[in-house]
Amino acid sequence: MDAVALRALLTWYAEMGIDDITGEVPSDFSEWTGPAKKMPQVPQPAQQAPRAASPQPKPAPAPIIPGDAPVPADEAIAAAKAAAAAATDIESLREAIMAFDGCPLKPGARNTVIDDGIAGAPLMLLGEAPGRDEDRIGKPFVGRAGQLLDRMLAAIGHSRQEGELAPAYISNAIFWRPPGNRAPTKAEIAICFPFVERLIELNAPKVIITLGNTPTQTLFEDAPGITRSRGTWRDHATAGGAVIPVLPTFHPAFLLRQPAQKRLAWADLIEIRKRLQS
Ligand code: URA
């Protein structure tokens with residue numbers, strides 16, 4: 001294949017959301033016939049002398065197909081609820097999330113990305129889902145959006161690192177990277193939700209910030225889009241009966257694309273600082 005054709009192929013892959021290599025060795029998918037439908041067979045010449053010396057190609061490994069739900073969503077949600085309820089502290093909850101196989105995103109992800117920062121902090125932030133950098137490293141918000149988030153936190157005297165600043169704790173509505181960074185589906189969000197809810201209960205923060213639409217609508221189904229919901233406090237009542245004030249604001253990745261909106265995000269941060277100091 002020449003360089004122009006190769007570039008066109010890679011561009012097409014990227015546009016289709018295939019922007020990552022998931023295996024250490026390349027697979028020969030020309031031999032793969034798919035899980036359900038067989039590829040049409042190319043007719044072979046009737047008699048061909050076997051070529052003694054040529055090695056047989058190794059059968060291609062069955063590829064992982066993100067989106068193939070290992071368990072139906074209802075069963076997965078029930079299993080997530082049971083596993084989350086059984087966790088009595090953050091550490092056992094992390095273990096339960098790591099061991100959970102009910103989310104169809106898991107087989108396509110490199111890492112389970114759960115949380116970062118200081119458990120039990122009065123300020124908890126909830127993002128959407130791990131991106132490429134987070135999937136590679138195994139921690140939420142480590143890419144450019146994460147660096148902006150750290151600066152936003154520092155501006156109100158908080159940090160996810162131990163140190164002089166007041167503590168913050170960060171998680172996401174989803175623990176596995178959606179392929180090509182697509183938005184998570186309703187089913188994926190619902191499957192992860194019992195764990196998110198338990199993370200909230202066990203951390204018992206004074207205030208939660210939701211970053212963008214996905215985590216906001218994960219906690220409040222009726223919330224309008226983030227442009228309308230940001231800056232207005234809502235109360236989230238957990239299954240265990242705790243009521244926690246939540247302020248939706250813009251996602252830092254959006255602020256990187258729309259820097260003019262930082263003014264509104266700054267107003268939200270000031271609100272949060274006031275509430276934390278009250
Ligand atoms: N965006 C998110 O919402 N979460 C991350 O962890 C990284 C980017």
Side-chain angles (χ1 to χ4, degrees), residues 14 17 19-20 66 90 93-94 97-98 100 103 105-106 108-119 121 123-154 158-161 167-193 195-200 203 205 207-220 223 225-227 229-230 236 246-259 261-262 264-265 268-269 272:
D19 59 358
D20 227 340
I90 304 273
L93 183 56
R94 286 192 190 116
I97 299 170
M98 300 287 277
F100 183 70
C103 180
L105 293 170
K106 187 175 185 181
R110 284 204 177 106
N111 269 303
T112 299
V113 178
I114 303 176
D115 59 359
D116 193 24
I118 294 133
L123 176 58
M124 174 167 178
L125 295 103
L126 204 56
E128 179 174 306
R132 183 186 163 120
D133 294 328
E134 291 75 21
D135 180 47
R136 193 165 43 83
I137 290 167
K139 266 194 202 181
F141 285 102
V142 293
R144 280 185 68 223
Q147 289 158 19
L148 175 57
L149 186 61
D150 284 339
R151 292 199 295 279
M152 290 163 69
L153 285 174
H158 282 257
S159 169
R160 54 172 138 169
Q161 316 280 354
Y169 174 81
I170 301 182
S171 188
N172 279 313
I174 295 280
F175 305 109
W176 296 277
R177 182 195 184 202
N181 290 350
R182 66 158 168 74
T185 64
K186 284 208 162 117
E188 289 155 2
I189 293 170
I191 290 168
C192 291
F193 184 64
F195 293 118
V196 172
E197 182 85 318
R198 193 78 183 122
L199 274 177
I200 293 173
N203 275 290
V207 163
I208 297 174
I209 305 177
T210 48
L211 300 164
N213 272 327
T214 299
T216 305
Q217 289 169 348
T218 298
L219 297 191
F220 308 102
I226 194 65
T227 311
S229 58
R230 63 140 286 280
H236 174 64
V246 178
L247 193 74
T249 193
F250 291 128
H251 192 286
F254 171 77
L255 295 174
L256 287 172
R257 293 192 303 272
Q258 303 275 337
Q261 304 299 328
K262 284 183 184 167
L264 293 172
D268 298 340
L269 289 173
I272 287 151

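As the structure lists them, so they are numbered: ligands from 1, and atoms in each ligand from 1. Excluded from the calculations below are hydrogen atoms, water molecules and symmetry mates; all remaining heavy atoms, backbone and side chain alike, are included. Note that this is a predicted model, so its numbers are computed, not measured.
With hydrogens and angles disregarded, no donor-acceptor distance shorter than 3.5 Å links the side chain of Q261 to the backbone of L255. The backbone N or O of C103 lies less than 3.5 Å from no partner atom in the side chain of E188, so there is not a single donor-acceptor pair.
The distance from ligand 1 to the heavy atoms of E128 drops below 4.0 Å at these ligand atoms: 2 (C), 3 (O). Each of the atoms 3 (O) of ligand 1 lies under 4.0 Å from some heavy atom of G127. The atoms of ligand 1 that sit less than 4.0 Å from any heavy atom of P140 are 6 (O).
Closest to atom 5 (C) of ligand 1, if we only count protein heavy atoms, is A129 O, 3.4 Å. Considering only non-hydrogen protein atoms, atom 4 (N) of ligand 1 sits nearest to N172 OD1, 2.9 Å.
By the 30° and 60° cut-offs, the orientation of the rings of H236 relative to F193 is perpendicular.
When only interatomic distances are considered, the shortest N/O to N/O separation between H251 and ligand 1 falls below 3.5 Å. Considering backbone and side-chain atoms together, G131 places no N or O closer than 3.5 Å to any N or O of ligand 1.
In this structure, OG1 in T216 is found 8.0 Å from CG in L211, a value given to the nearest 0.5 Å. Rounding to the nearest 0.5 angstrom, the gap separating the CZ atom in F250 from the CE atom in M152 is 10.0 Å.
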(request) Apply the test side chain to side chain contact (heavy atoms under 4.5 Å, CB included) to residues V196 and F175: give CA-CA distance (whole Å), side-chain angles for both, the deciding distance (0.1 Å), then the verdict. (result) CA-CA 9 Å; V196 172; F175 305 109; 3.8 Å; yes
